[in-house]
A.B. asks: 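Okay, handing you the structure first.
Order of the sequence lines fixes the chain letters, A, B, ..., with proteins taken first and strands second; residue numbering starts at 1 for each chain. Values below: all heavy atoms of this structure, side chains included; hydrogens, waters and symmetry mates excluded.
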Amino acid sequence: MALEIYNTLSRKKEEFVPVHSDRIGLYVCGPTVYGDAHVGHAKAYIMGDIVNRYLRFRYPERKVTYVQNITDVGHMTDNDDVAGEDKLQKQSAKEKKHPMEVAAFYTRRFYEDMSALNVLRADIEPLATGHITEQIELIKKLIEKGFAYEVDGNVYFDVSKDHDYGKLSGRKTEDQEASGRVEARSDKRSPNDFALWKRVDAGHILRWPSPWGDGFPGWHIECSAMSMKYLGETIDIHGGGLENQFPHHECEIAQSESVTGKPFVKYWMHNNMVTTGGVKMGKSLGNSAMLRDLFKEYDPLSLRFTLLQSHYRGTTEFTTEAISASETGYKYLLRSYHKLKDVVGDAELPEFNSLDTPQNQSIRDIVGLFKEALDDDFNTPGAIAVLFNSLAPMTNNILAAGMSEAGPKYLAVWNALAGNVLGILPTQDATQTDASGTLSSVVQLAVRWRKQARERRDFAMSDTIRKELDEAGIILEDSKEGTTWRMK
RNA sequence: GGCGCCGUGGCCAAGUAGUAAGGCAGAGCUCUGCAAAAGCUCCAUUCCCCGGUGCAAAUCCGGGCGGCGCCUCCA
């Protein structure tokens, strides 16, 4: 059984064979930080997170290094060198802040949102502005090798010098030229050429000195520079949103491979869009659901769960109804997990890896199905189905049968699969925030009073207590063993 | 105009040749003072339509209809 990844380069699933025997390099294009993150960002970075988590789970013997950049250079909202607006500069004018202040502000908020979604931080989170030197060095090499040319303070990559340009997106430069698209006035030799370095005018705040005068780097060069600096000339996996396939990733390949003469990336992964009403959710379309707003209504982890219930390469139709629906299913899984956790208590858990023995056949089966799903190009909906079909029912059986020796084993399985790999288990629960036990004591008191009412068959009082606790966010459940409570 | 993707039950959504996962919603039952939880059962003879190739197709090929993305910043 091997991990298979759909590689955009070949347009098919390929067996994952790491470039190096001892390590794996993963790079995912990070956000441009001039606004808050929306559901589309969540889908992209949760995908990156799943790849990161699963690689670590599946290849414990290899060092996985995950790099995700922050684009804190504004770039242009228009291809025209003159008329283009710098997104960060525009936002900074609006907020009356220095562009770097805007970038820092939204960077923090981005990480806050991602943490709420239980997206693990990358090992290296380089800033584009922190790697201007590296980018300039790369551009110098491209000029030396004849792949780039300077015109009046601007440096462009000469696409005609790169013979396999277009191999990722399947585009031919001739077709693009034939498109009749209106090209803005430019000093490029060809409309397909793209900027490596841009000259700035007097009013531009974010600027750096370079051999070609004051300016700032082109959008694509940062990823090449930072990827190669931290992960080497050929990395295993590079991921990002589908809309970055062209031109961004195509340009990254062109720049990087022209300099090194080696393959830049072995496996390219692209996640599809989040749609609403069948239409792409996008920053510029104004139909984005911002994560911060959603977090007020929904548990961030149930949002994560919702996104994991569709495949990363398919579109995800996003509606509040869709989150509500999957939230119900998600809570079912959590109840099973929490009950098990309560029963196991402080008992020591076995090492997850020690459970892979013939004596634990049912666990082996569950883990096998789970891995089979994720091995198939990170099929998270399939992995979640295993939780619904096997892990939760098995857990409920154990709880019903009171099989205490199986408890810790299964809890270790929950922690590994649902916790470490899928990241859908809460990292902190109500019992931890109630460390002093105050809430618990009070609820226990109410439960005792209600028990007395029930014993004298005063069901009106019993139901009132339950109803009022429910309104306060506490749910009571009666069973043969007594009454248990939990937070809504 | 070029490149590419998608169309599966009321909703969401897996499945790329071997006879339709899963979740939500819905129906019934068990348990129960009631409720909840949990469990059991039912819920697509069929995968947009029409042809074709296979012993076999939701899955491959051709045509049609419908929807979407990229080609300009966007996850």
Side-chain angles (χ1 to χ4, degrees), chain A residues 8 11 13 28-32 34-35 37-48 74-80 84-87 166 169-172 174-184 219 239-248 250 270-275 278-285 288 305-306 309-311 313-319 321-330 332-333 335-336 339 373 376 379-389 392-393 396-397 399-400 454 457 459-460 462-463 466-467 470 475-480 483-484 486:
Chain A
T8 308
R11 310 257 170 204
K13 287 181 195 171
V28 173
C29 286
T32 306
Y34 64 102
H38 57 71
V39 181
H41 292 97
K43 178 166 169 116
Y45 299 118
I46 286 172
M47 173 205 79
H75 303 302
M76 292 292 151
T77 55
D78 188 312
N79 201 31
D80 186 337
E85 267 182 304
D86 179 310
K87 289 179 292 190
S169 58
R171 286 184 163 78
K172 308 225 176 338
E174 311 86 71
D175 297 336
Q176 303 303 309
E177 285 182 283
S179 72
R181 195 182 86 214
V182 180
E183 180 65 31
W219 176 37
L242 198 57
E243 78 285 352
N244 281 335
Q245 198 180 98
F246 186 91
H248 187 52
E250 196 73 72
H270 292 98
N271 64 276
N272 215 316
M273 303 293 109
V274 174
T275 60
V279 179
K280 171 190 172 180
M281 191 180 275
K283 224 174 235 178
S284 50
L285 297 174
S288 319
F305 185 80
T306 304
Q309 275 196 296
S310 65
H311 190 85
R313 273 195 293 119
T315 55
T316 303
E317 172 63 12
F318 180 84
T319 55
E321 289 79 7
I323 316 181
S324 298
S326 61
E327 188 163 55
T328 307
Y330 173 58
Y332 162 83
L333 291 178
R335 270 195 295 278
S336 179
K339 282 181 187 170
D376 182 15
N379 189 340
T380 52
I384 286 173
V386 174
L387 303 186
F388 277 113
N389 282 332
N396 295 334
N397 286 344
L399 292 167
R454 292 178 76 203
R457 304 195 67 77
F459 295 122
S462 162
D463 289 348
R466 186 172 62 199
K467 183 166 177 288
D470 182 84
I475 293 170
L476 299 190
E477 286 167 2
D478 299 326
S479 72
K480 292 162 288 292
T483 301
T484 59
R486 62 183 164 89

A.B. asks: Output yes when a side-chain donor or acceptor of A:Thr315 lies under 3.5 Å from a complementary backbone atom of A:Val274, and no otherwise.
C.D. replies: no

A.B. asks: If you only use heavy atoms from C-beta on, which nucleotide in B:A35, B:G69, B:G22 is closest to the side chain of A:Asn389?
C.D. replies: B:G22

A.B. asks: Between atom CD1 in A:Ile323 and atom P in B:A13, what is the gap in whole Å?
C.D. replies: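 Roughly 13 Å, once rounded to whole Å.
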
A.B. asks: On RNA chain B, nearest-nucleotide positions of A:Lys480 versus A:Pro31: which is more 5'?
C.D. replies: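 Nearer the 5' end of the strand: A:Lys480.
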
A.B. asks: What nucleic acid atoms does A:Leu387 come within less than 4.0 Å of, heavy atoms only: base, sugar-phosphate, or nothing?
C.D. replies: nothing

A.B. asks: Given the P atoms of B:G22 and B:C43, what is the spacing between them in whole Å?
C.D. replies: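 Looking at atom P only, B:G22 and B:C43 are 12 Å apart.
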
A.B. asks: May I ask you to say what A:His270 touches in the nucleic acid, namely base, sugar-phosphate or nothing, with a heavy-atom cut-off under 4.0 Å?
C.D. replies: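 Result for A:His270 = nothing.
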
A.B. asks: Which nucleotide wins on minimum distance to the side chain of A:Glu477, given the candidates B:G23, B:C70, B:A36?
C.D. replies: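 From the listed options, B:A36 comes nearest.
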
A.B. asks: What nucleotide, of B:G39, B:A14, B:A36, holds the atom closest to the side chain of A:Asn396?
C.D. replies: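 Nearest to the side chain of A:Asn396 among the choices is B:G39.
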
A.B. asks: How is A:Gly329 classified with respect to the nucleic acid when contacts are heavy atoms under 4.0 Å: base, sugar-phosphate, or nothing?
C.D. replies: sugar-phosphate

A.B. asks: Identify, between A:Ile384 and A:Arg457, the residue whose nearest nucleotide on RNA chain B lies closer to the 5' end.
C.D. replies: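 With A:Ile384 and A:Arg457 compared, the 5'-side residue is A:Ile384.
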
A.B. asks: Where the side chain of A:Asn379 is concerned, which of B:G15, B:C70, B:C73 is the nearest nucleotide?
C.D. replies: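 Of all the options, the side chain of A:Asn379 is nearest to B:G15.
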
A.B. asks: Which value, in whole Å, describes the distance between the P atoms of nucleotides B:A20 and B:U53?
C.D. replies: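 Nearest-Å result for B:A20 against B:U53 at atom P: 24 Å.
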
A.B. asks: Under 3.5 Å, is there any donor-acceptor pair linking the side chain of A:Ser462 to the base of B:G33?
C.D. replies: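 Under the 3.5 Å cut-off, the side chain and the base do form a donor-acceptor pair.
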
A.B. asks: Measure the distance from CG on A:Asn271 to P on B:C68 and round it to the nearest whole Å.
C.D. replies: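 Rounding to the nearest Å, CG of A:Asn271 and P of B:C68 are 20 Å apart.
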
A.B. asks: Report the nucleotide, chosen from B:G23, B:A38, B:A25, that has the shortest atom-to-atom distance to any side-chain atom of A:Arg335.
C.D. replies: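 Among B:G23, B:A38, B:A25, the one nearest the side chain of A:Arg335 is B:A38.
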
A.B. asks: Check the interface with nucleotides 5-11 of chain B: list each N/O to N/O pair with the protein under 3.5 Å, or write none.
C.D. replies:
none

A.B. asks: CG of A:Asn272 to NZ of A:Lys43: how many Å apart, nearest 0.5 Å?
C.D. replies: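 One gets 6.0 Å once the value is rounded to the nearest 0.5 Å.
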
A.B. asks: Report yes if at least one side-chain N or O of A:Arg171 is closer than 4.0 Å to OP1 or OP2 of B:C70; otherwise report no.
C.D. replies: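 No, A:Arg171 has no side-chain N/O under 4.0 Å of OP1/OP2 on B:C70.
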
A.B. asks: What's the gap between B:G23 and B:A38 when it is taken at their P atoms, as a whole Å value?
C.D. replies: 12 Å

A.B. asks: Would you check if A:Phe459 stacks with the base of B:G33, given a 5.5 Å centroid limit and a 30° plane limit, both strict?
C.D. replies: yes

A.B. asks: What is the distance, to the nearest angstrom, from the NE2 atom on A:His248 to the P atom on B:C70?
C.D. replies: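 For the pair A:His248 NE2 and B:C70 P, the rounded distance is 16 Å.
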
A.B. asks: The side chain of A:Asp478 lies closest to which of these nucleotides: B:A35, B:C24, B:A13?
C.D. replies: B:A35

A.B. asks: Is there side-chain contact between A:Arg454 and A:Asp478, with at least one heavy-atom pair below 4.5 Å?
C.D. replies: yes

A.B. asks: Rounded to whole Å, please give me the gap between CG in A:Asp86 and C1' in B:C73.
C.D. replies: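 After rounding, the gap between these two atoms is 11 Å.
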
A.B. asks: Side chains of A:Glu317 and A:Thr275: does their closest heavy-atom pair fall under 4.5 Å?
C.D. replies: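 They are in side-chain contact.
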
A.B. asks: Glycosidic conformation of B:G54, syn or anti, with 90° from 0 as the boundary?
C.D. replies: syn

A.B. asks: Categorize A:Val274 for me: base, sugar-phosphate, or nothing, with a 4.0 angstrom heavy-atom threshold over every strand shown.
C.D. replies: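 Base: the residue A:Val274, judged by heavy atoms under 4.0 Å, touches a nucleobase.
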
A.B. asks: Can a donor-acceptor pair under 3.5 Å be found between the side-chain atoms of A:Arg466 and the base atoms of B:A35?
C.D. replies: yes

A.B. asks: From OH of A:Tyr332 over to C1' of B:G22, roughly how many Å is that when rounded to an integer?
C.D. replies: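 Roughly 12 Å, once rounded to whole Å.
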
A.B. asks: Without decimals, in angstroms, what is the distance between A:Phe305 CZ and B:G23 P?
C.D. replies: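 Whole-Å distance recorded here is 10 Å.
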
A.B. asks: For the residue pair A:Phe388 and A:Phe305, categorise the inter-ring angle as parallel (less than 30°), tilted (30 to 60°) or perpendicular (more than 60°).
C.D. replies: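 Because their plane-to-plane angle is over 60°, the rings of A:Phe388 and A:Phe305 count as perpendicular.
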
A.B. asks: Would you say A:Tyr330 reaches B:G22's phosphate, i.e. side-chain N/O to OP1/OP2 under 4.0 Å?
C.D. replies: no

A.B. asks: Begin with the C-alpha distance, continue with both residues' side-chain angles, and end with the deciding distance and a verdict on side-chain contact (heavy atoms from CB on, under 4.5 Å) for A:Asp470 and A:Ile475.
C.D. replies: CA-CA 5 Å; A:Asp470 182 84; A:Ile475 293 170; 3.9 Å; yes

A.B. asks: Measure from CZ on A:Phe388 to P on B:C12 and round the result to the nearest Å.
C.D. replies: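 Whole-Å distance recorded here is 17 Å.
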
A.B. asks: Once you round it to whole Å, what is the distance between P of B:A36 and NZ of A:Lys339?
C.D. replies: 14 Å

A.B. asks: Between OG of A:Ser326 and CD of A:Glu321, what distance do you get to the nearest 0.5 Å?
C.D. replies: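 Between A:Ser326 OG and A:Glu321 CD, I get 11.5 Å after rounding to 0.5 Å.
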
A.B. asks: For B:C34, does OP1 or OP2 lie under 4.0 Å from any side-chain N or O of A:Lys467?
C.D. replies: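 So the side-chain polar atoms of A:Lys467 never come under 4.0 Å of the phosphate oxygens OP1 or OP2 of B:C34.
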
A.B. asks: Tell me yes or no: between the side chains of A:Asn396 and A:Ser336, is some donor less than 3.5 Å from an acceptor?
C.D. replies: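 A:Asn396 vs A:Ser336: donor-acceptor pair found between side chains.
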
A.B. asks: Need one value for A:Lys43: base, sugar-phosphate or nothing, where a base atom within 4.0 Å counts as base even if backbone is also close, heavy atoms only.
C.D. replies: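 Nothing: the residue A:Lys43, judged by heavy atoms under 4.0 Å, touches no strand.
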
A.B. asks: To the nearest 0.5 angstrom, please state how far the NE2 atom of A:His270 sits from the CE atom of A:Met47.
C.D. replies: 8.5 Å

